[in-house]
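See structure below.
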Amino acid sequence: MERLRQRADFLAAAGGVKAPAPMFVLQMKVRGETGPARVGFTVTKRIGGAVERNRIRRRLREVVRLSSPSRMRPGHDYVLIGRRPALNAPFERIKDEFDRALRRVHAAPSKSGSSGKSGAEIPLQGSVE
RNA sequence: UCAGUCGGCUGGACGGCCGCUCCGGCAAUCACCGAAAGGUGGCCGGGGAGGAAAGUCCGGGCUCCACGGAUGAACGGUGCCGGAUAACAUCCGGCGGGCGUGAGUCCAGGGAAAGUGCCACAGAGAACAGACCGCCGCGGCGCGUUGUGUAUUGCCGAGGCAAGGGUGAAACGGUGCGGUAAGAGCGCACCGCGCUUCCGGCAACGGAAGCGGCAUGGCAAACCCCACCGGGAGCAAAACCGAAUAGGGACGGCACGGAGCGCAAGCUCCAGCCUUUUUCCGGGUCGCCGUCCGGGUAGGUUGCUUCAGGCGCCGGGCAACCGGCGUCGCAGAGGAAUGGCCGUCACGUUCAUCGCAUCCGCGAUGGGCCAUACAAAACCCGGCUUACAGGCCGGCUGAUACG
């Protein structure tokens, strides 16, 4: 799994397509080249102390790692912003939400970010039960 | 046994599957990304959070900046004494005071007879203060007695006193005896305080004797005085490598601002830059392309983990700690690794049943729950402070019971 390291990459992804979920917010941005998909993780200090933030990031990272790599498209950058429920939620729930969020993000009219403000949020499709 | 106090230790265990990061070895010296610097990728072996990693409150190392010297000033800090230490506001051992029956514990604990300032409210009086109630005798008038006076008592006046009451955080030292009209260190004894001398102690300080007759109220986390210490910023420090773009310099080549007049050469004016303290005068230059040079941004690499190091033994010291010998190698991330999921067990808690027991309770079996508290390195050390489920060990104190 290729990780996002530079602050500029995170800022760019913030201007991409967003898909909010109860456990996290998924952001996606098309890079315009054909390298492997890259993933970044963000847990803000508002969520909690370092221990809780570390745990949320690691669980989210594990979700991305265990989900099939083919679901992530080459040339795309993904950023997961952790939320507090991801700390104690059952692991399978987070995986389900991640799959659903990926579908929503890919179904969106991803205009590669160049045309217009493409920060539109995609509403949840159906109930998450 | 109960209650308490002080100190130390620990901070779940084992296993399975899938991952991350660093180091070492091997291997194509190959592939990919990047303009470059550089980075990524394979296999094997090994290492991989804490007692507080935390708060960032002190002290250092290290790095850069500043600095002739170092004093003084200013500012900040520290503040009983001695020791430990690289250093400290830390630690150890003492001293003094407060609290506690005690083990213990707490204390910004120098100077208030250098100065300035403050001491609210209450109270008569609050700093060389003061008399409201009160106490005391004296004078006058009455009451009373009556021969007069004394005693008793009331009012008025001029005085004496500060014992008692009352106010307050604090009232020109406390208790007792003497003394006196009543009182007062007025006198005496003891205590407190101060001074002197002697003794013990390195010292803080303690003890004794004599003298003084109470003078020196408190606040210095009020200014201040005294002694000692301190240059500033911080690993986003700093060093090295180093694009693109813009700008600077050198060289070469090409071209030679605008307007007016004029066929043209040219002339005049304007714009703009540099030199010039400024104006005038005078001089120079302007654009494009290419190559090279230097500064430097993004970015990258280093700094980055071996030390005031851990453990054991011996020796010195009451101790903090120091010395010697042996041994070990013990995280190095960088949008930030050290994990995710699961199983079993221990521990804990709770419920049910059974047994023992006067009770508190103890034991066994089975089931359920949680699978732990606090909190995660960010250059590195020494401390302090704060947070912390559960468990273990030891010293000491008090009470009770003694088989």
Side-chain angles (χ1 to χ4, degrees):
Chain A
M1 164 172 39
E2 194 95 357
R3 293 286 298 277
L4 282 185
R5 295 286 148 118
Q6 305 284 325
R7 175 171 167 79
D9 293 333
F10 281 86
L11 292 178
V17 184
K18 289 180 191 164
M23 309 284 186
F24 53 84
V25 175
L26 177 64
Q27 295 175 336
M28 187 195 72
K29 170 84 173 176
V30 181
R31 252 181 302 153
E33 34 118 345
T34 57
R38 301 188 302 179
V39 190
F41 300 92
T42 294
V43 187
T44 65
K45 282 189 176 174
R46 277 188 15 212
I47 301 297
V51 175
E52 292 173 327
R53 283 188 284 131
N54 277 344
R55 185 165 168 84
I56 290 173
R57 190 187 326 106
R58 284 161 178 164
R59 297 190 85 193
L60 291 179
R61 198 179 63 207
E62 205 66 9
V63 164
V64 173
R65 187 177 68 84
L66 293 177
S67 78
S68 56
S70 57
R71 310 194 59 110
M72 319 272 286
R73 298 181 177 172
H76 287 54
D77 281 348
Y78 301 88
V79 170
L80 279 160
I81 303 172
R83 288 181 159 177
R84 191 162 179 87
L87 185 61
N88 291 315
F91 197 67
E92 294 301 319
R93 285 266 318 265
I94 309 180
K95 284 169 79 172
D96 290 347
E97 278 192 11
F98 180 63
D99 288 343
R100 206 169 292 127
L102 267 186
R103 277 200 299 275
R104 275 156 51 205
V105 151
H106 289 150
S110 56
K111 295 315 293 172
S112 74
S114 60
S115 69
K117 299 269 85 182
S118 55
E121 297 191 353
I122 303 109
L124 283 166
Q125 308 265 54
S127 70
V128 194
E129 71 211 71

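Owing to the predicted nature of the structure, the values given are computational and were not obtained by experimental measurement. Just so it is clear: chains get the letters A, B, ... in the order the sequence lines come, proteins before strands, and each one is counted from 1.
Base orientation of B:C330: syn, since the glycosidic angle falls within 90° of 0. Base orientation at B:G185 is syn, since its O4'-C1' glycosidic dihedral falls within 90° of 0. With its glycosidic angle within 90° of 0, B:A49 is assigned syn. Applying the 90° cutoff around 0 to the glycosidic angle, B:A170 is assigned anti. Anti is the classification of B:G316, since its glycosidic angle lies more than 90° from 0.
Across all strands shown, B:G340 is found opposite B:C17 as a Watson-Crick or G-U wobble partner, with both distances under 3.5 Å.
Proximity of A:Arg61 to the phosphate of B:G335: no side-chain N or O atom is located under 4.0 Å from OP1 or OP2.
For A:Arg65 and B:C18, a side-chain-to-base donor-acceptor distance below 3.5 Å is present, hydrogens and geometry of angles not being considered.
Considering only heavy atoms from C-beta on, A:Phe98 comes within 4.5 Å of A:Leu80 through its side chain.
Comparing B:G234 with B:A221, their C1' atoms are spaced 32 Å from each other, to the whole Å.
In this structure, the nucleotide among B:C341, B:A336, B:U338 sitting nearest to the side chain of A:Arg57 is B:A336.
Within the 4.0 angstrom heavy-atom criterion, only backbone atoms of the sugar-phosphate kind lie near A:Arg59; the bases stay farther away.
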